[in-house]
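To start, the structure itself, in structure tokens.
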Number of protein chains: 2
Amino acid sequence: MESKTAVTALGALAHATRLEIFRLLVRAGAAGLSVGKIAEALVIEANGRLSFHLKELVAAGLAVARQEGRFIYYSTDYTAMNELLRYLTEDCCGGQPCGEAVDLCQPEICP
Amino acid sequence: MESKTAVTALGALAHATRLEIFRLLVRAGAAGLSVGKIAEALVIEANGRLSFHLKELVAAGLAVARQEGRFIYYSTDYTAMNELLRYLTEDCCGGQPCGEAVDLCQPEICP
DNA sequence: TCCATATTTCAATAATCGTTGAAATATTAT
DNA sequence: ATAATATTTCAACGATTATTGAAATATGGA
């Protein structure tokens with residue numbers, strides 16, 4: 001992962017609303033949630049601002065959007081998430097055995 | 001961890017220089033590095049800006065500073081780092097078994 | 001004490017980011 | 001086609017964050 005990519009992703013997460021959206025999507029799993037459901041869960045309005053925040057998460061590579069009927073479902077890009085976490089912790093303590101940067105979330109093995 | 005704390009930490013990391021400082025400190029382990037060594041490793045100047053960035057990392061709780069003689073050593077707060085990573089991945093996939101938010105770095109068990 | 005090294009503080013300016021509200025687009029049902 | 005629901009786009013303004021350079025502080029050695 002490039003530094004610039006990580007900075008963009010971290011910048012996207014460094015915002016109260018976007019961070020909670022991200023965490024909500026992480027919890028939601030691979031199926032994701034529609035914009036309306038996201039707004040409902042976070043008790044905010046499904047307006048232009050939410051739309052903008054979701055776009056930021058997608059632009060940062062942390063989420064993906066897919067259209068289904070008249071709904072748009074957003075979901076976490078778990079690969080990107082794990083890459084970011086690995087980038088942050090890479091070669092921890094000079095590579096000494098003190099914990100490993102495992103994949104924190106592997107939705108492919110979810111039931 | 002509170003949302004606000006996480007936003008502050010992520011904001012501190014969402015900057016190219018600070019992110020590389022953080023990663024350098026993660027690699028350096030609990031002993032940390034002096035400001036001069038950090039500047040040397042990243043090929044930047046040990047000036048007011050570096051000082052500012054280091055202060056930001058400390059203010060965000062991601063690093064700690066300790067004075068030793070005329071040097072100031074900065075090191076990662078691994079507990080804060082792990083808390084942040086856990087906050088980001090909490091209850092992944094609705095809590096289904098798909099990877100666990102283990103401590104990524106445990107400097108207390110480093111040689 | 002005086003000097004060199006190490007690091008920080010401060011103020012001004014430039015750049016980026018966030019919010020608001022209204023209008024626009026897209027999809028589905030009647 | 002019309003209406004209803006779902007979501008996005010845009011522009012203007014205000015707020016926050018970054019950079020620069022110079023001066024200030026602190027520590028240890030000669």
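Lettering of chains follows the sequences in order, A, B, ..., and the numbering in each one begins at 1. All values below were derived from every heavy atom in this structure, side-chain atoms included, with hydrogens, water molecules and symmetry-related copies excluded.
The closest donor-acceptor contact from the side chain of B:Tyr78 to the backbone of B:Gly29 lies under 3.5 Å. The backbone N or O of B:Leu85 sits nowhere less than 3.5 Å from a side-chain atom of B:Asn82 that would complete a donor-acceptor pair. Listed for the A:Thr89 side chain is no donor-acceptor partner under 3.5 Å among the backbone atoms of A:Cys92.
Picking from D:dA6, D:dG29, D:dA18 the nucleotide with the shortest atom distance to the side chain of B:Arg70 gives D:dG29. Residue A:Lys55 has its side chain nearest to D:dT9 when only D:dT7, C:dT8, D:dT9 are considered. Looking at the side chain of A:Arg18, the nearest of the listed nucleotides D:dA18, C:dG18, D:dT8 is C:dG18. Closest contact between the side chain of B:Phe52 and the listed nucleotides D:dT8, D:dT19, C:dT7 involves D:dT19.
Atoms CD1 (A:Ile44) and C1' (D:dA6) sit 15 Å apart, rounded to a whole Å. The separation between A:Arg49 atom CZ and D:dC10 atom C1' is 16 Å, rounded to whole Å. Across the protein-nucleic acid pair, B:Ile72 atom CD1 and D:dT25 atom P stand 15 Å apart, rounded to whole Å. Atom NE2 of A:His15 is separated from atom P of D:dT16 by 12 Å (rounded to the nearest Å). The separation between B:Phe71 atom CZ and D:dT27 atom P is 13 Å, rounded to whole Å. Atom CG of B:Leu50 is separated from atom P of D:dG21 by 16 Å (rounded to the nearest Å). When rounded to the nearest whole Å, the span between CG of B:Asn47 and P of C:dC10 equals 17 Å. Spacing between atom CZ of A:Arg66 and atom P of C:dT27 amounts to 16 Å, rounded to whole angstrom units.
Residue contacts shown for B:Gly36 are limited to sugar-phosphate atoms, with no base heavy atom under 4.0 Å away. A:Tyr74 comes within 4.0 angstrom of the backbone, heavy atoms only, and of no base.
Comparing A:Glu56 and B:Ser51 by the nucleotide of DNA chain C whose heavy atom lies nearest to each, the residue mapping closer to the 5' end is B:Ser51.
Taking the charged nitrogens against the carboxylate oxygens, B:Arg66 and B:Glu68 do have a contact shorter than 4.0 Å, which makes a salt bridge. Look at A:Arg27 and B:Glu90 and you find no salt bridge, because none of the NZ, NE, NH1 or NH2 atoms lies under 4.0 Å from a carboxylate O.
Not one side-chain nitrogen or oxygen of B:His53 sits closer than 4.0 Å to the OP1 or OP2 atom of D:dA18.
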